[in-house]
Amino acid sequence: MKHLGKTIGALGAAALMALAPAQGDACSRVLYKGTDNLYVVGRSLDWKTPIPTNLYVYPRGMQKVSSNLDNPLKWTSKYGAVYAVGYDGGVTEGMNEKGLVVSGLFCKGTVYNDSTSTKPYTMSLAVFPAWLLDQCATVGEVRTMLENAQFDIQGATFDGGTVSALHWGVTDATGASIIFEFDHGKISIHDMGDYQAMTNDPQWPAMTAIIDYWDKIGGQHMLPGTVSSPDRCVRANYFAHHVEAVGDADLGVSITRSILVNSCVPYTYLIQGEPNVSSTQWRTYANVRDRRYYFELVTNPGYYYVDLNTLDLKKGAAVLKLDTSKTADLVGNANSRLVKSEPFTPMF
């Protein structure tokens, strides 16, 4: 087991960051704010090699542990949830039955642990999002959990040695959103306020300076157009503020999808001399009002959703799984394609 730690210096000047070259760790997240309490969280997963991702639905009342080491946290899930699980071994993101959404995006400035101080518990990155989704209904509850967290992060490298350096976006059914980032054992929590998008580097305080810089320029006649993290964030934030607010769920998801696609990296796109540039592999859209979690493989002709409202999430209900590699013909409600499954095995 390895404690993760990898850091780079974040460029603070907005103008310099706007001209920065494309990054390899390209993911985007956007919040669409509609009417009639409709909020949709859209998210893309971008990486240089395939990350097979399946959907798992877990019921309430499951006993869980945070690590396979000797000092794990233990909890019993209060809420059922749908998880997007990479490699059938680690939760990338998900939504619970209360409409809480937690998403992890790469951020190279992340340093999880303080090498000079050890905390009493260990938390595996493979189950960390589930720890929040299982026990929290609101952003406020997530904030309290994080402020009282007493664990070091346990993780592993993957994909030929890549370190899973992540920061996190959280949104609840009211549309309230935070971003939190790890910095040498401390967790910095940022209220998103009126910002409606996040991507990767730099860390959030520097990213807001870039967004503010472009807001002053205005986006009607000019927006940054590269696949770099700051450019994608600026575009997503601008369009999220300038599309129509609607209350219709299907239309709201479609609008969110159009914003997100505009901020994604085209599939198979490469830059000569930049071997780590990552194209979008899949996108999700979490309708937190109606508890529908949509999944879109970019190589599929359509996209589909899991409806948490109509699933059995009671204590003792079966764990369900959707193998996304077998969904090329699937559009719309995917509940009938969920099958009983063993829980996934955390990769670390």
Side-chain angles (χ1 to χ4, degrees), residues 22-30 40-56 82-95 101-108 125-126 129 155-169 197-201 226-229 231-233 235-236 253-254 256-271 274-286 293-306 321-331 334 337 344 347:
Q23 300 295 320
D25 308 328
C27 299
S28 303
R29 188 181 195 266
V30 63
V40 181
V41 178
R43 179 260 167 79
S44 69
L45 186 286
D46 304 3
W47 193 243
K48 59 186 177 181
T49 56
I51 299 181
T53 301
N54 293 318
L55 303 185
Y56 283 80
V82 55
Y83 309 137
V85 181
Y87 304 107
D88 270 349
V91 180
T92 302
E93 69 155 30
M95 179 177 72
V101 181
V102 178
S103 315
L105 283 69
F106 269 85
C107 182
K108 292 180 180 178
L125 277 181
T157 59
F158 74 103
D159 192 26
T162 300
V163 177
S164 299
L166 305 171
H167 63 171
W168 305 83
M198 67 177 290
T199 51
N200 312 105
D201 298 290
T226 77
V227 296
S228 72
S229 173
D231 284 11
R232 288 182 289 106
C233 192
R235 289 201 302 277
V253 170
S254 295
T256 307
R257 184 171 182 251
S258 68
I259 297 169
L260 190 60
V261 168
N262 187 271
S263 298
C264 287
V265 181
Y267 194 56
T268 73
Y269 175 74
L270 297 174
I271 296 177
E274 293 285 346
N276 292 329
V277 166
S278 302
S279 60
T280 298
Q281 297 187 21
W282 51 257
R283 291 179 282 262
T284 61
Y285 313 98
Y293 183 79
Y294 295 73
F295 194 80
E296 178 186 20
L297 285 168
V298 298
T299 53
N300 274 12
Y303 60 108
Y304 45 87
Y305 63 88
V306 171
K321 178 181 177 180
L322 179 63
D323 183 342
T324 65
S325 70
K326 301 176 181 178
T327 57
D329 64 330
L330 182 54
V331 177
R337 298 280 283 271
F344 74 89
M347 64 177 66

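Everything quoted here is computed from the prediction, not taken from an experiment.
- Judged by distance alone, the side chain of T256 and the main-chain N or O of G42 form no donor-acceptor pair under 3.5 Å.
- Side chains of D231 and T226: a donor on one and an acceptor on the other come within 3.5 Å.
- Using modelled atom types, no side-chain atom of D201 and backbone atom of S229 make a donor-acceptor pair closer than 3.5 Å.
- A heavy-atom distance below 4.5 Å is not found between the side chains of M95 and V306.
- Shortest non-hydrogen contact noted between A126 and G89 is CB-O, 3.4 Å.
- Using modelled atom types, one finds no donor on one side chain facing an acceptor on the other under 3.5 Å when comparing T199 with R232.
- Y294 places none of its side-chain heavy atoms less than 4.5 Å from the side chain of V40.
- The CG atom of L260 lies 11.0 Å from the CZ atom of R29; values are rounded to the nearest 0.5 Å.
- A distance-only check finds no donor-acceptor pair linking the side chain of N54 to the backbone of D88 [under 3.5 Å].
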Would V41 and Y285 count as a side chain to side chain contact (heavy atoms under 4.5 Å, CB included) if you check the C-alpha gap in whole Å, the side-chain angles of each, and the deciding distance to 0.1 Å? CA-CA 5 Å; V41 178; Y285 313 98; over 6 Å; no
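- Atoms OG1 and OH, on T324 and Y304 in that order, are 5.0 Å from each other to the nearest 0.5 Å.
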For a side chain to side chain contact (heavy atoms under 4.5 Å, CB included) check, start with the C-alpha distance between R257 and Y303, then their side-chain angles and the critical distance, and finish with the verdict. CA-CA 11 Å; R257 184 171 182 251; Y303 60 108; 3.7 Å; yes
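- The two residues A286 and V101 make their nearest non-hydrogen contact at CB-CG2, 3.6 Å.
- Remark: side-chain polar atoms of S28 are not paired, donor with acceptor, to backbone N or O of S44 under 3.5 angstrom.
- Checking side-chain atoms of R235 against main-chain N and O of N262 turns up a donor-acceptor pair under 3.5 Å.
- Under a 3.5 Å cut-off, the side chain of N200 and the backbone N or O of C27 do form a donor-acceptor pair.
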Go through Y267 and T280 one step at a time and tell me if the side chain to side chain contact (heavy atoms under 4.5 Å, CB included) criterion holds. CA-CA 6 Å; Y267 194 56; T280 298; over 6 Å; no
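- Across L166 and G104, no two heavy atoms sit closer than the pair CD2-C, 4.4 Å.
- Here the straight-line distance linking atom CG of L330 with atom CZ of F295 works out to 11.5 Å at 0.5 Å rounding.
- Panel note: side chain T53, backbone A84; no donor-acceptor pair is recorded below 3.5 Å.
- Shown here for P52 and P50, the closest heavy-atom pair between the two residues is CD-O, 3.5 Å.
- Atoms OG and CZ, from S103 and R43 in turn, are 5.5 Å apart once rounded to the nearest 0.5 Å.
- The two atoms that bring K326 and R337 nearest to each other are O-NH2, 2.9 Å, heavy atoms only.
- Within the model, atoms OG of S279 and CH2 of W47 stand 12.0 Å from one another, a figure rounded to the nearest 0.5 Å.
- Between G86 and M347 the shortest heavy-atom distance is O-CE, 3.8 Å.
- Residues passing the ring-ring contact (aromatic ring centres under 6.0 Å, His included) test with Y83, sequence neighbours excluded: Y58.
- Under a 3.5 Å cut-off, the side chain of Q281 and the backbone N or O of T49 do form a donor-acceptor pair.
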With side chain to side chain contact (heavy atoms under 4.5 Å, CB included) as the test, would you mind laying out the steps for V91 and F344 before giving the verdict? CA-CA 9 Å; V91 180; F344 74 89; 3.6 Å; yes
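- Note that the NZ atom of K48 and the CG atom of L270 stand 12.5 Å from one another [nearest 0.5 Å].
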